[in-house]
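Okay, structure first, notes after.
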Amino acid sequence: MRIAVVALGKIGLPLAVQFADSGHEVIGVDVNQAAVNTINEGLEPFPGEAHLQEKLSELIPAGRLRATSDYADAIPGADAVVLVAPVFVNDETWEPDFRYMDAATRSLAEHLTPGTLVSYETTLPVGTTRNRWKPMLEEGSGLVEGKDFHLAYSPERVLTGRVFADLRKYPKLIGALSDEGNRLARAFYEAVLQFDERPDLPRPNGVWDLGTTEASEMAKLAETTYRDVNIGLANQFGLFAAANGIDVYKVIEACNSQPYSHIHRPGIAVGGHCIPVYPRLYLSTDPDADIVRVARQLNASMPERLVAQAEGILGDLTGLKAVVLGAAYRGGVKETAFSGVFPTVQALTQRGADVVVHDPIYTDDELRALGFEPYALGGDVDVAVLQTDHAEYRDLGPERLPGVKLLVDGRNATDPARWVGTPRIVVGTAA
Ligand SMILES: NC(=O)c1ccc[n+]([C@@H]2O[C@H](COP(=O)([O-])OP(=O)(O)OC[C@H]3O[C@@H](n4cnc5c(N)ncnc54)[C@H](O)[C@@H]3O)[C@@H](O)[C@H]2O)c1
Ligand SMILES: CC(=O)N[C@H]1[C@@H](OP(=O)(O)OP(=O)(O)OC[C@H]2O[C@@H](n3ccc(=O)[nH]c3=O)[C@H](O)[C@@H]2O)O[C@H](CO)[C@@H](O)[C@@H]1O
């Protein structure tokens with residue numbers, strides 16, 4: 001098969017590599033010429049994706065994969081085109097921002113030829129493939145969907161850093177606009193993916209046909225929204241527990257000891273590219289989903305709530321030195337997308353604190369580039385707010401934070417035995 005992958009980012013490039021590695025001829029298109037050049041030199045344009053560099057070193061010199069910024073070079077005559085350019089969500093309105101996908105779709109349409117299967121993998125509001133991409137592709141190409149070309153939607157569920165392993169592990173969900181589209185999408189993904197045996201699944205691991213583009217669009221939004229709502233519920237339980245002298249972690253551990261309870265962990269923030277974003281995409285097509293909106297709002301309010309709790313204990317925070325422990329949105333990752341560090345720093349700064357940030361996996365220059373004043377453990381500080389559950393913080397004690405009068409552990413990530421004698425608030429437990 002001849003396959004084109006549109007957008008060679010952290011998801012698209014590993015996908016292009018996977019398809020080429022499965023024995024197909026692959027051309028990737030990206031508007032970033034610097035990234036295209038780097039890939040064509042056989043080098044990974046971003047670090048952190050396991051096995052990406054070794055696979056590029058093999059596939060690029062062998063001519064099995066190449067990159068281009070020219071759609072005319074990649075699209076005409078392709079058997080399948082996979083698109084995975086990003087969609088963002090407007091921070092104020094929570095409305096999707098389709099500008100990159102629109103541009104990619106228009107460029108694709110201009111060069112689309114009969115006989116191609118087009119599969120979108122970017123996470124989308126329900127109905128986008130049918131109502132937005134189909135007319136845009138038909139108008140731009142003069143071709144007819146279901147006759148000249150077929151359109152499918154298949155959400156990408158892998159986690160960056162372990163894309164190749166996740167591609168084997170998770171069923172590939174598909175949905176198209178016609179039976180023939182479903183058949184072609186199944187045949188395509190079966191030809192480019194290999195699946196691990198998963199006896200734990202209700203049906204064999206592999207391509208799972210959900211029948212329509214709407215169902216497969218919804219599946220991705222539902223699984224991520226589930227996580228946000230679940231964390232919201234954990235935060236709600238945590239607020240109640242903290243106000244009533246109950247340790248919510250003991251409660252959650254007890255609940256989850258039977259197989260029908262999967263309560264997540266309360267925390268200072270829900271960050272990352274996906275979990276805080278996709279509930280908003282879901283709400284854009286199901287605005288009546290109050291349960292989703294309320295959970296999202298509660299999760300987003302947690303940094304402010306915890307900082308207010310610290311203020312309640314210490315009194316005025318004006319002029320106090322406050323360190324936020326952790327810039328990353330979760331432990332062990334070097335990524336600050338929608339990280340709780342931003343609202344936490346803001347809540348402290350608004351109260352007049354002098355705020356510094358520590359993160360064991362960011363250099364001082366990297367922290368400065370993010371707009372933070374870096375802090376090295378051992379420096380004087382009045383209050384510490386732990387934002388990221390980095391493994392390095394498990395053994396952190398007050399002796400590494402000289403002068404600390406209060407630790408707000410927003411992740412229950414520190415060892416209580418180390419904090420005997422120093423005030424410590426843990427999200428979800430009584431102060
Ligand atoms: N990152 C994740 O963990 C993850 C996980 C699952 C699904 N996804 C989905 O994948 C999408 C892309 O994520 P990513 O992490 O790969 O993004 P990314 O920012 O790493 O890459 C996006 C790429 O798109 C390219 N691009 C932008 N406009 C283009 C155009 N008109 N034509 C061609 N290329 C264009 C950019 O140059 C860039 O290389 C997300 O929006 C999401 O829906 C991401
Ligand atoms: C485990 C999981 O579903 N990972 C998904 C998630 O990864 P992602 O990398 O976003 O990580 P998580 O879903 O684990 O965490 C998201 C955020 O929620 C917080 N948090 C998490 C769990 C919890 O019980 N309490 C809590 O507060 C984390 O600290 C983090 O800030 O989004 C990706 C993009 O869609 C998906 O591809 C991944 O499959």
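Whatever order the structure lists them in is the order used to number ligands and atoms, beginning at 1. Only heavy atoms go into these numbers, but all of them, side chains included; no hydrogens, no water, no symmetry mates.
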### Task
Say whether Leu159 and ligand 1 are in contact under the criterion: heavy-atom distance to a ligand atom below 4.0 Å.
no
### Task
Sort out the contact shell of ligand 2: every protein residue with a heavy-atom distance below 4.0 Å, listed by chain and number.
Arg157, Val158, Leu159, Lys220, Thr224, Arg227, Ile231, His264, Arg265, Ala269, Val270, Gly271, Cys274, Ile275, Tyr278, Tyr329, Arg330, Arg411
### Query
Under 6.0 Å from the CD atom of Glu197, do we count more than 12 heavy atoms belonging to anything else shown?
no
### Message
Applying a heavy-atom cut-off of 4.0 Å, say which part of Tyr120 lies close to ligand 1: side chain, backbone, both or neither.
### Response
neither
### Message
Can you tell whether the side chains of Glu311 and Arg351 come within less than 4.0 Å, N to carboxylate O?
### Response
yes
### Summary
Looking at Leu8, Ile11, Leu124, the heavy atom closest to atom 44 (C) of ligand 1 belongs to Ile11
### Query
Which heavy atom of the protein is the closest neighbour of atom 26 (N) of ligand 1, given with residue, atom name and distance?
Val31 CG2, 3.9 Å
### Message
List ligand 1 atoms under 4.0 Å from Asn32, heavy atoms only on the residue side.
### Response
37 (O)
### Task
Using distance alone, decide if ligand 1 has a nitrogen or oxygen within less than 3.5 Å of any nitrogen or oxygen in Asp30.
yes
### Query
For Thr123 and ligand 1, does the shortest N/O to N/O distance drop below 3.5 Å?
yes
### Query
Less than 4.0 Å between a side-chain N and a carboxylate O, is that true for Arg168 and Asp196?
yes
### Message
Side chain, backbone, both or neither: which applies to Phe88 and ligand 1 if a contact is any heavy-atom pair less than 4.0 Å apart?
### Response
neither
